[in-house]
Amino acid sequence: MSENHFRSFDFLVLGSGIAGLVFALKASEHGQVAIVTKKQSAESNTNYAQGGIASVTSKEDSFDMHVRDTLEAGAGLCREDVVRAIVQDGPARIAELIELGMRFSEREIPASHGAKELDLGREGGHSKRRILHAKDITGREIERALLNAAAQRPNIRIFENHCAIDLITTGKLGFEGGNRCLGAYVLDVNGNQVLTFTAPVVTLATGGCGKVYLYTTNPDIAAGDGVAMAYRAGAAVANMEFVQFHPTCLYHPRAKSFLISEAVRGEGAVLKNLQGDEFMDSFHPLKSLAPRDIVARAIDSEMKRTGADHVFLDITHKPARFLMSRFPNIYSTCMSFGIDMTKEMIPVVPAAHYQCGGVLTNVDGETEIPGLYAVGEVACTGLHGANRLASNSLLEALVCAHRAAAKAAAEVRTPVNLYIPGWQSGNAHNPDELVVVSHNWDEIRRIMWDYVGIVRTDKRLQRARARIANLQEEIREYYWDFTVTRDLLELRNIATVAELIVACAQARPESRGLHYNLDHLQTDPVWAKRDTIQRKTAV
Ligand code: FAD
Ligand code: SIN
């Protein structure tokens with residue numbers, strides 16, 4: 001491979017969602033930063049976030065209350081010190097985000113002659129209104145503000161349509177001494193070549209893995225690449241059994257992955273079955289605003305009981321003018337499918353939404369591998385435990401990316417000064433059977449949906465494990481025979497992540513938070529505070 005396939009930076013950031021961009025903006029004060037991102041810069045889970053960011057900003061709220069709500073949702077598995085640190089750092093990071101250009105929705109303070117304050121939304125599991133939002137397009141506004149700020153930093157270079165293949169570590173290259181991250185091999189999709197990026201600090205900000213499931217709220221980029229790469233590099237991956245299913249994804253044959261925000265329930269929407277009857281009363285005192293795991297399971301149970309393929313969300317009792325102004329994106333998207341939410345109920349189903357587990361890190365984003373950080377949805381810090389509280393993920397990404405950049409900048413960084421071989425494609429030829437890739441991809445996603453979904457059993461998990469193992473064997477066989485494409489890379493990664501989710505689910509013989517197993521219905525105190533950790537033994 002020729003010299004011009006090598007790129008050297010002080011910081012290599014994989015991903016351009018909120019976590020990657022916040023990290024890059026901070027790191028750019030200390031050195032040259034490369035952001036490598038799979039598609040266009042804004043294409044990320046962040047871009048689709050609707051509800052907002054949870055943070056304590058009102059006088060009626062307190063850090064203690066936010067901590068308590070987070071711990072309660074997390075069902076005994078959160079790390080309280082991490083929860084407290086993230087909650088307490090929130091307001092300062094929000095202030096910085098506003099300074100960078102983020103525009104949150106405001107409301108007039110009653111009897112103040114026009115003075116304004118930040119408008120606060122409410123979502124399931126929150127005892128107070130504390131969700132800062134930009135109407136119902138919070139994520140789009142975050143990406144706009146952060147990408148705009150990044151464009152003004154000469155130290156930041158963004159590589160769009162570049163897909164990271166694998167991390168480069170001393171362990172993998174067979175160097176003596178401990179494992180250390182040195183960079184990453186990256187597929188330049190348009191240039192059809194593999195580049196070698198080196199940096200003393202590599203930060204995974206690759207987001208979640210919704211695409212492992214057949215139905216998801218996530219965009220196509222969410223293939224679990226970061227978790228799979230970190231696992232292959234020898235890092236610990238934890239708590240992958242805790243996949244959060246969002247209760248209300250729009251049910252319509254032409255609507256792909258469109259979320260109906262929990263904020264709609266926060267403003268009074270109620271769940272109803274096909275007969276128009278409310279059914280949440282028998283599941284939780286908070287009814288439609290109960291924590292997400294309970295609502296998703298209740299919908300699943302109601303659908304199974306009645307044989308229906310969806311339920312309804314009803315907010316027709318609210319004034320049309322309020323709905324159109326508070327939820328303009330949801331209103332217009334529903335209208336585009338012929339559903340007028342001001343007059344009729346919205347058909348909804350649960351869908352895979354958020355990965356609570358991930359690459360094991362501390363609150364500063366440090367993984368077990370020196371030189372490798374992980375921030376945002378790809379990381380497992382201990383904030384979410386067994387179930388994430390709504391709108392805590394943008395907060396975690398914002399706070400932890402800041403902390404990780406500060407930590408990485410404070411460390412003495414030895415430049416990478418080792419011989420790193422370029423990417424070896426061996427005798428690879430162009431794939432002629434792309435149908436195999438798409439078939440295997442569909443099969444994994446269906447297996448995960450059918451056997452490792454909202455309700456699990458030992459038998460279903462065993463079945464999923466066996467089928468995924470077979471598919472992995474097949475993938476291994478042709479992975480090295482063909483030149484890499486983004487589809488092939490993602491297929492290998494979703495198979496690895498599926499394997500990890502099943503392995504973690506099988507390693508937890510109880511039901512807790514999002515992990516619900518009919519063969520182990522009780523929550524076992526022995527398993528409180530115990531993470532399910534997967535680590536590849538031979539690197
Ligand atoms: P992402 O924003 O997903 O960014 C990941 C980045 O990594 C992308 O740029 C992607 O292209 C890139 N990438 C991935 N793999 C590779 C690779 N191999 N090589 C190069 N680049 C790669 N959370 C809240 O707190 N509040 C909400 O209101 C909210 N609403 C949501 C609504 C929807 C529809 C969805 C899907 C999620 C929502 N969430 C919400 C969750 C939240 O949006 C995400 O957890 C958060 O945005 C994750 O940010 P991130 O930076 O970690 O990852
Ligand atoms: C939503 O708007 O319902 C999503 C909030 C979240 O996932 O935190």
Side-chain angles (χ1 to χ4, degrees), residues 12-23 35-55 121 123-126 131-134 136-140 142-143 146-147 158-167 184-187 189 197 203-211 216-229 244 246-250 257-266 292 327 330 351-356 358 374-379 384 388-398 400-401 486 489-490 493:
L12 171 61
V13 182
L14 306 179
S16 57
I18 184 172
L21 290 171
V22 168
F23 183 97
I35 301 179
V36 162
T37 191
K38 221 185 219 186
K39 292 193 170 176
Q40 289 76 39
S41 304
E43 189 57 9
S44 56
N45 274 6
T46 302
N47 202 42
Y48 297 88
Q50 296 184 355
I53 309 185
S55 189
E123 290 178 9
H126 288 276
I131 318 294
L132 299 150
H133 63 97
D136 58 353
I137 51 162
T138 309
R140 207 186 297 170
I142 291 174
E143 283 290 305
L146 293 177
L147 282 169
I158 303 188
F159 295 83
E160 290 187 321
N161 296 304
H162 279 58
C163 186
I165 302 173
D166 255 322
L167 298 169
Y185 293 116
V186 173
L187 173 68
V189 177
F197 280 76
T203 299
L204 287 171
T206 45
C209 68
K211 295 302 282 188
T216 175
T217 63
N218 291 189
D220 289 346
I221 55 96
D225 295 356
V227 164
M229 285 190 281
Q244 185 170 70
H246 196 292
T248 57
C249 190
L250 179 61
S257 325
F258 186 72
L259 183 77
I260 307 295
S261 174
E262 195 153 307
V264 179
R265 275 176 284 137
R292 240 174 234 184
F327 302 112
I330 295 173
H353 182 61
Y354 185 83
Q355 163 194 306
C356 292
V375 285
E377 191 167 340
V378 69
H384 308 307
R388 175 182 67 107
L389 185 66
S391 287
N392 261 359
S393 44
L394 291 172
L395 174 72
E396 180 192 47
L398 183 65
C400 294
R486 191 163 51 200
L489 293 173
E490 287 179 344
N493 291 335

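Numbering starts at 1 and runs along the sequence shown. Atoms within each ligand, like the ligands themselves, are counted from 1 in listed order.
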| query | Can you tell me if Asn218 uses its side chain to pair, donor with acceptor, with the backbone of His353 under 3.5 Å? | reply | yes
| Which segment of Ala205 sits under 4.0 Å of ligand 1 when only heavy atoms are counted | backbone
| request: Provide, to 0.1 Å, the distance between atom 8 (C) of ligand 1 and the closest protein heavy atom, together with that atom's residue and name. | output: Glu43 O, 3.6 Å
| Winner among Gly266, Ala390, Ser261, Ser391 once heavy atoms are compared against atom 2 (O) of ligand 2 | Ser261
| query | Is any N or O atom of Asp225, backbone or side chain, closer than 3.5 Å to an N or O atom of ligand 1? | reply | yes
| Please walk me through it: do Leu398 and Ile142 pass side chain to side chain contact (heavy atoms under 4.5 Å, CB included)? | CA-CA 11 Å; Leu398 183 65; Ile142 291 174; over 6 Å; no
| query | Below 3.5 angstrom, do we get any N/O pair linking Ala164 and ligand 1? | reply | yes
| said: So for ligand 1, is Gly51 a polar contact partner (N or O within less than 3.5 Å, distance only)? | reply: yes
| field | Under-4.0 Å heavy-atom contact with ligand 1, by part of Gln50 that carries it | value | backbone
| task | Compute the minimum heavy-atom distance from Glu490 to ligand 1 and say whether it is under 4.0 Å. | result | no
| Are Leu132 and Ser55 close enough that some pair of their side-chain heavy atoms sits under 4.5 Å apart? | yes
| query | Has the side chain of Asp136 got a donor or acceptor atom that lies under 3.5 Å from a matching backbone atom of Ile330? | reply | yes
| field | Closest protein heavy atom to atom 36 (C) of ligand 1, given as residue, atom name and distance to 0.1 Å | value | Asn218 ND2, 3.3 Å
| message | Closer than 4.0 Å to some heavy atom of Gly52 - which atoms of ligand 1 meet that? | response | 24 (C), 25 (O), 26 (N), 27 (C), 28 (O)
| query | Checking Ser393 side chain against Ser391 main chain: does a donor-acceptor pair fall under 3.5 Å? | reply | no
| Does Ser16 use its side chain to pair, donor to acceptor, with the backbone of Thr37 at less than 3.5 Å? | no
| N/O of Lys38 under 3.5 Å from N/O of ligand 1, yes or no? | yes
| Is ligand 1 less than 4.0 angstrom away from at least one heavy atom of Gly139? | no
| His162: numbered ligand 1 atoms lying under 4.0 Å from its heavy atoms | 19 (N), 20 (C)
| Contacting atoms of ligand 1, where contact means under 4.0 angstrom from a heavy atom of Gly376 | 52 (O)
| The one among Val378, Leu14, Thr46 that brings a heavy atom closest to atom 49 (O) of ligand 1 | Thr46
| Going by distance only, is there an N or O of Lys39 that falls short of 3.5 Å from an N or O of ligand 1? | no
| Which of these, His246, His384, Arg388, sits in a side chain to side chain donor-acceptor pair (under 3.5 Å) with Tyr354? | His384
| said: Strictly distance-based, threshold 3.5 Å: is any side-chain N or O of Thr206 a donor or acceptor partner for the main-chain N or O of Gly226? | reply: yes
| query | Judged by atom type as modelled, is there a donor-acceptor pair below 3.5 Å linking the side chain of Gln50 to the main-chain atoms of Thr138? | reply | no
| task | Compute the minimum heavy-atom distance from Leu259 to ligand 2 and say whether it is under 4.0 Å. | result | yes
| Out of curiosity, is Val36 lining ligand 1, as in a heavy atom under 4.0 Å away? | yes
| note | the protein heavy atom lying closest to atom 48 (C) of ligand 1 turns out to be Glu377 OE1, 3.8 Å
| said: Below 3.5 Å, N or O to N or O, backbone or side chain included: is there any such pair between Ile260 and ligand 2? | reply: no
| note | Gly17 heavy atoms within 4.0 Å reach ligand 1 at atoms 2 (O), 4 (O), 6 (C), 9 (O), 51 (O)
| message | Please determine whether a side-chain nitrogen of the Lys or Arg among Glu262 and Arg265 lies less than 4.0 Å from a carboxylate oxygen of the Asp or Glu. | response | yes
| Can you name the one residue among Leu204, Thr203, Ile35 that meets side-chain contact (heavy atoms from CB on, under 4.5 Å) with Leu14? | Leu204
| request: Kindly determine whether Lys38 and Glu490 satisfy salt bridge (charged side-chain N to carboxylate O under 4.0 Å, His left out), including the steps that lead there. | output: CA-CA 11 Å; Lys38 221 185 219 186; Glu490 287 179 344; 2.7 Å; yes
| request: Could you check atom 3 (O) of ligand 2 against the protein and tell me its nearest heavy-atom contact, residue, atom and distance included? | output: Glu262 N, 2.6 Å
| query | If you count the atoms of ligand 1 from 1 in the order shown, which ones are under 4.0 Å from a heavy atom of Ser393? | reply | 23 (N), 24 (C), 25 (O), 40 (C), 41 (C), 42 (C), 45 (O)
| field | Interfacing atoms of ligand 2 (cut-off 4.0 Å, heavy-atom, His246) | value | 1 (C), 3 (O), 4 (C)
| field | Any donor-acceptor N or O pair under 3.5 Å, side chains Glu43, Tyr48 | value | yes
| note | One finds that the ligand 2 atoms under 4.0 Å from a non-hydrogen atom of Glu123 are 5 (C)
| query | So which heavy atom on Arg486 is nearest to which on Cys163, and how close? | reply | CG-SG, 4.0 Å
| note | The answer for which part of Arg388 has a heavy atom under 4.0 Å from ligand 1 is side chain
| task | Measure Leu259 to ligand 1 on non-hydrogen atoms and call it side chain, backbone, both or neither using the 4.0 Å cut-off. | result | side chain
| Side-chain (Gln355) to main-chain (Glu377) donor-acceptor, under 3.5 angstrom | yes
| field | Leu187 side chain near Leu489 side chain, heavy-atom distance below 4.5 Å | value | yes
| query | Side chain, backbone, both or neither: which part of Ala397 comes within less than 4.0 Å of ligand 1 when only heavy atoms are counted? | reply | neither
| message | Is it the case that the side chains of Glu160 and Ser41 hold a donor-acceptor pair, with the cut-off being a distance below 3.5 Å and no angle test? | response | yes
| message | For Tyr185 and Phe197, I'd like to know if the aromatic rings sit close, meaning centre-to-centre distance below 6.0 Å. | response | no
| Just which atoms of ligand 1 are under 4.0 Å from any heavy atom in Tyr354? | 45 (O)
| Please walk me through it: do Val22 and Leu146 pass side chain to side chain contact (heavy atoms under 4.5 Å, CB included)? | CA-CA 7 Å; Val22 168; Leu146 293 177; 3.9 Å; yes
| Can you list the atoms of ligand 1 that are under 4.0 Å from a heavy atom of Ser16? | 6 (C), 8 (C), 9 (O)
| said: Can you check which of His353, Gln244, Arg388, Arg292 brings a heavy atom nearest to atom 5 (C) of ligand 2? | reply: Arg292
| Geometric N/O contact Leu394 with ligand 1, under 3.5 angstrom | yes
| remark: A student checking ligand 1 against Thr37 at a 4.0 Å heavy-atom cut-off should list atoms 9 (O), 11 (O), 20 (C), 21 (N)
